*Asks:* 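Next up is a structure, given as structure tokens.
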4 protein chains.
Amino acid sequence: MTAAPTEPISRRRAPRGSARRNIVAAATELFARRGYEATSVQEIVAAAAVTKGALYHWFGSKSELLTSIYRELLAEQTARLREIADGPGPVAERLRAAAADVVAHTAAHVDELTVWARSAHLIDGEHADATRRERRRYHDLFRDLVLEGQSAGVVRTDVSATVITHTFLSALGNTHTWFHPDGPLTFTEVGHQLVALFVGGLRPPEPSASPTPADDRSEPRA
Amino acid sequence: MTAAPTEPISRRRAPRGSARRNIVAAATELFARRGYEATSVQEIVAAAAVTKGALYHWFGSKSELLTSIYRELLAEQTARLREIADGPGPVAERLRAAAADVVAHTAAHVDELTVWARSAHLIDGEHADATRRERRRYHDLFRDLVLEGQSAGVVRTDVSATVITHTFLSALGNTHTWFHPDGPLTFTEVGHQLVALFVGGLRPPEPSASPTPADDRSEPRA
Amino acid sequence: MTAAPTEPISRRRAPRGSARRNIVAAATELFARRGYEATSVQEIVAAAAVTKGALYHWFGSKSELLTSIYRELLAEQTARLREIADGPGPVAERLRAAAADVVAHTAAHVDELTVWARSAHLIDGEHADATRRERRRYHDLFRDLVLEGQSAGVVRTDVSATVITHTFLSALGNTHTWFHPDGPLTFTEVGHQLVALFVGGLRPPEPSASPTPADDRSEPRA
Amino acid sequence: MTAAPTEPISRRRAPRGSARRNIVAAATELFARRGYEATSVQEIVAAAAVTKGALYHWFGSKSELLTSIYRELLAEQTARLREIADGPGPVAERLRAAAADVVAHTAAHVDELTVWARSAHLIDGEHADATRRERRRYHDLFRDLVLEGQSAGVVRTDVSATVITHTFLSALGNTHTWFHPDGPLTFTEVGHQLVALFVGGLRPPEPSASPTPADDRSEPRA
DNA sequence: GATGAATGAGAATTCATTCAT
DNA sequence: AATGAATGAATTCTCATTCAT
């Protein structure tokens with residue numbers, strides 16, 4: 001199942017002008033640098049060198065603009081994860097690959113992801129719901145891989161696949177709050193360590209009680 | 001008979017308690033539910049059944065109100081962690097206890113923590129800086145415990161203590177985005193699993209390359 | 001797979017009829033329901049399933065569209081009134097027929113008439129002036145019939161023909177503010193009563209002072 | 001039953017400053033001269049020499065401002081009508097007095113009434129509903145007087161009291177569309193004629209069929 | 001300790017209209 | 001005869017904060 005097209009209503013045709021592209025680029029940059037709420041529509045159009053009317057021609061609202069940016073990212077990330085999950089190789093290998101891919105994608109789009117993490121809660125309406133559903137699908141894809149690992153006996157079963165998935169994705173989704181490019185570790189190194197931590201954490205525990213948890217269905221809210 | 005003298009659009013009073021306490025309670029609730037930026041001072045005073053003047057009497061600004069809420073929490077959390085860290089017992093035990101305490105405290109104050117996580121980036125000024133420094137101290141306290149574990153050989157050394165700390169705290173700090181009280185697991189169960197995952201993840205990996213990483217100093221940004 | 005190319009916010013097409021007719025129909029309905037000012041050109045074209053370009057191809061402006069709708073109606077109504085006024089029969093009979101015709105025509109076109117009554121004051125320019133002159137001619141036609149009745153002694157002369165005319169046309173033009181199809185009376189019944197009231201009101205009063213008023217020339221403003 | 005106070009929420013106390021008064025005066029004048037929709041909030045505050053914030057402190061919205069102006073008028077008019085209706089004297093006399101009073105009040109407030117007549121349809125929400133209910137009460141008061149006249153045998157019964165009431169009030173409410181101060185008749189003269197026409201129209205018709213119409217309950221919409 | 005009217009700058013959004021295609 | 005992206009100016013409304021009382 002491919003991601004639903006991100007557009008609101010209407011017809012298909014590649015924009016002749018570059019207005020839409022400029023708007024997205026400017027908004028991405030500004031949202032990342034100053035935050036969604038602290039960026040005014042006026043600033044976006046000024047940076048994109050278009051008029052307000054043009055922005056509202058392409059996006060129904062400021063929040064739809066934010067949502068659009070995130071949905072494009074999410075669609076791409078989902079496609080990649082699906083490819084890995086459906087690929088060949090032992091599940092342990094695919095799990096490691098999936099984790100590494102999340103790390104890489106996160107690194108490549110910290111800005112956009114940061115903005116969404118901070119401001120998603122301000123968005124409501126149809127678009128937001130659709131986005132949350134898509135995000136939910138992404139999560140489920142990852143969780144299914146963990147479940148497969150549990151079935152294969154390579155992933156501990158005393159922690160639910162859902163908790164494992166959320167933990168890993170949360171840790172990743174929060175790097176922006178602490179990672180500093182000027183720190184002693186590069187993002188690549190941090191990424192390796194995160195993958196190692198994740199993979200290591202999956203190993204079944206030493207002999208001790210390990211009740212198989214219910215395969216729960218906690219829903220992501222954002 | 002002419003219409004009664006007309007009045008401005010405004011608040012509505014209710015039997016009052018302690019003004020300051022009411023303000024904090026109302027603000028906490030509203031910030032958590034709608035977000036800091038989406039909550040107006042007007043709404044806070046209406047919910048707290050006080051006037052704007054009263055709010056500005058107790059808090060210098062809206063952002064100081066947010067900061068105050070978080071600082072109180074942070075102080076409490078820091079004190080508890082310090083007690084655990086400085087307590088008796090083997091480091092492995094203290095690590096587990098610290099993790100469990102973070103989980104418990106997080107559960108008890110999701111709202112306040114969520115708000116800060118989402119909106120800290122909007123705040124600046126003295127108060128905010130001080131708060132960030134305090135938050136940094138909290139993080140360092142936890143990391144030092146991890147370092148102690150690494151020295152004692154009970155914690156893997158191929159992942160930096162900083163990364164371990166951030167990972168755990170991030171996973172915890174994000175529970176609000178996915179935990180559902182109606183889901184199959186109670187928060188207590190999820191908490192247990194998170195601690196297990198954390199503790200399990202700390203174990204040194206099977207024989208493989210494990211270069212001791214530099215004890216980096218990545219600074220938390222928020 | 002990346003998201004499909006994104007598209008602007010806009011209209012949606014439906015199987016088309018005659019563009020111009022569709023536009024008029026859609027505009028009439030929307031203007032009547034929500035008001036002229038509260039209806040955007042965008043909404044009109046959406047409802048008519050045409051594009052903005054098409055609307056501006058047929059009508060020079062939004063106000064010209066409104067004017068056009070009303071002028072067509074007015075022309076028809078004027079032609080009918082002229083026929084009745086110039087017809088055979090005693091003036092009393094023609095007066096009653098004219099009143100009945102106004103009632104019938106009003107009933108058939110409440111929407112269009114309502115819109116004009118409410119929004120004519122917003123319109124200016126050549127077209128609007130011409131329309132107001134035409135409307136004036138319609139009024140004069142009716143008034144002349146009343147004057148003829150006064151000369152013939154079948155209509156009271158203590159009230160000026162102008163006041164009589166305006167009163168009757170106003171009462172008619174306002175039915176939309178109070179008539180309810182679900183009420184106890186059908187529009188036909190209400191119409192009969194209005195004609196009866198009009199005709200009855202024309203009778204000369206019982207013996208009392210009745211100075212013949214100047215045949216004034218108060219001009220309709222809208 | 002007195003008219004409900006026109007204010008939105010909140011407490012009572014006479015405004016210290018003259019801001020509110022100035023706003024109402026400026027708005028009344030501008031709405032009358034240019035129309036409600038054609039008058040911007042900016043123009044109102046400029047004319048009232050207050051800031052936008054002050055306007056929104058006293059009125060929740062532009063439409064609430066319009067509604068307030070009308071409601072005050074309506075309350076006054078209702079009070080006067082009630083006094084007349086409940087007064088002493090034969091019903092025929094009270095009917096004439098009521099009509100004369102409506103004419104006088106209309107003359108004194110053409111501007112405000114014109115604005116409401118033209119723009120009421122743009123207003124919705126709570127305030128508008130309340131206003132329509134109040135207007136409905138006014139209408140009922142008048143109609144009850146007509147009904148009393150019908151019972152007493154001084155008013156024709158072949159036309160329903162509701163239709164009579166609406167007709168008279170509509171004719172009055174529409175004077176603004178045609179009366180010209182520069183015309184041959186003063187408003188006082190026109191008023192006298194309208195009252196004469198109304199009173200004359202009430203007389204039972206010459207011998208002819210006159211079925212007592214159902215005492216209908218058509219609801220005014222505006 | 002508190003009030004609440006007033007500020008003033010700026011926010012998002014709407015809209016009739018144009019014009020290159 | 002029609003398209004639809006783009007315009008640009010204006011619109012209503014919000015909001016944290018102040019200050020005379």
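Letters go in sequence order (proteins before strands), and every chain restarts at 1. All values derive from a computational prediction rather than experimental measurement. Heavy atoms only: backbone and side chains are in, while hydrogens, waters and symmetry mates are out.
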*Asks:* In whole angstroms, how far is the C1' atom of F:dC15 from the CG atom of B:Leu55?
*Replies:* 13 Å
*Asks:* In whole angstrom, what separates B:Leu66's CG from F:dA16's C1'?
*Replies:*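 My rounded result for the distance is 14 Å.
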*Asks:* Taking only N and O in the side chain of B:Tyr56, is any of them less than 4.0 Å away from OP1 or OP2 of F:dT17?
*Replies:* yes
*Asks:* Before you tell me yes or no, could you show the steps for D:Ile44 and D:Leu65 under side chain to side chain contact (heavy atoms under 4.5 Å, CB included), namely the whole-Å CA-CA distance, both residues' side-chain angles and the distance that decides it to 0.1 Å?
*Replies:* CA-CA 11 Å; D:Ile44 298 171; D:Leu65 173 51; 4.1 Å; yes
*Asks:* Within a 6.0 Å radius of atom CG on A:Asp129, are there more than 12 heavy atoms belonging to other residues, nucleotides or ligands?
*Replies:* yes
*Asks:* With side chain to side chain contact (heavy atoms under 4.5 Å, CB included) as the test, would you mind laying out the steps for B:Phe31 and B:Ser119 before giving the verdict?
*Replies:* CA-CA 9 Å; B:Phe31 287 165; B:Ser119 304; over 6 Å; no
*Asks:* Should we count CZ of B:Arg33 as having more than 12 external heavy atoms under 6.0 Å?
*Replies:* yes
*Asks:* With a 3.5 Å cut-off and heavy atoms only, can you find an N or O donor on one side and an acceptor on the other between the side chain of D:Lys62 and the base of F:dT11?
*Replies:*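 Between F:dT11 and D:Lys62, which were checked side chain against base, a qualifying N/O pair under 3.5 Å is absent.
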*Asks:* Assuming nearest nucleotide by heavy-atom distance, tell me which of D:Val50 and B:Ala54 is located more 5' along DNA chain E.
*Replies:*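 The answer here is B:Ala54.
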*Asks:* Expressed in angstrom and rounded to an integer, what is the separation of B:Ile123 atom CD1 from F:dA16 atom C1'?
*Replies:*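 Rounded to whole Å, this separation is 13 Å.
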*Asks:* For D:Trp58 and D:Glu64, which heavy atoms make the closest approach, and how far apart are they?
*Replies:*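 Reported closest heavy-atom pair: O-OE2, 4.3 Å.
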*Asks:* For A:Thr51 and for D:Gly53, locate the closest nucleotide of DNA chain F by heavy-atom distance; then report the residue assigned to the nucleotide nearer the 5' terminus.
*Replies:*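 Nearest-nucleotide comparison on DNA chain F picks A:Thr51.
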*Asks:* Provide, to the nearest angstrom, the distance between the CG atom belonging to D:Leu65 and the C1' atom belonging to F:dT12.
*Replies:*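 For the pair D:Leu65 CG and F:dT12 C1', the rounded distance is 13 Å.
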*Asks:* How many angstroms lie between CG in B:Asp111 and OG1 in B:Thr28, if you round to the nearest 0.5 Å?
*Replies:* 7.5 Å
*Asks:* Tell me the stems DNA chain F sits in, counting at least three consecutive Watson-Crick or G-U wobble pairs, each under 3.5 Å on both distances.
*Replies:*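 Looking at DNA chain F, the stems formed by three or more consecutive pairs are E:2-21 with F:2-21.
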*Asks:* Tell me the interatomic distance from A:Ile23, atom CD1, to E:dA12, atom P, rounded to whole angstroms.
*Replies:* 14 Å
*Asks:* Does the base of E:dT7 carry an N or O that pairs as donor and acceptor with the side chain of D:Lys52 under 3.5 Å?
*Replies:* no
*Asks:* Using whole Å, report how far CD of D:Glu64 lies from C1' of F:dT12.
*Replies:*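 About 14 Å, once rounded to whole Å.
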*Asks:* Measure from CH2 on C:Trp58 to P on E:dT17 and round the result to the nearest Å.
*Replies:* 19 Å
*Asks:* Could you tell me which non-hydrogen atom of C:Tyr36 sits nearest to which non-hydrogen atom of C:Lys62, and how far apart they are?
*Replies:*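 Taking every non-hydrogen atom into account, O-NZ, 3.0 Å.
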*Asks:* Determine the minimum heavy-atom distance between A:Ala128 and A:Ile123, stating which atoms define it.
*Replies:*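 Where A:Ala128 meets A:Ile123 most closely, the heavy atoms are CB-CG2, 3.6 Å.
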*Asks:* Kindly say if C:His57 contacts the phosphate of F:dA1, meaning a side-chain N or O under 4.0 Å from OP1 or OP2.
*Replies:* yes
*Asks:* Rounded to whole Å, please give me the gap between CZ in C:Arg20 and C1' in F:dA2.
*Replies:*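 Taking CZ of C:Arg20 and C1' of F:dA2, I get 16 Å after rounding.
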*Asks:* Specify the residues of residues 31-44 of chain A, ordered by number, for which at least one heavy atom lies under 4.0 angstrom from an atom of DNA chain F.
*Replies:* none
*Asks:* Does atom CD of D:Glu126 have more than 12 heavy-atom neighbours, drawn from other residues, nucleotides or ligands, at distances under 6.0 Å?
*Replies:* no
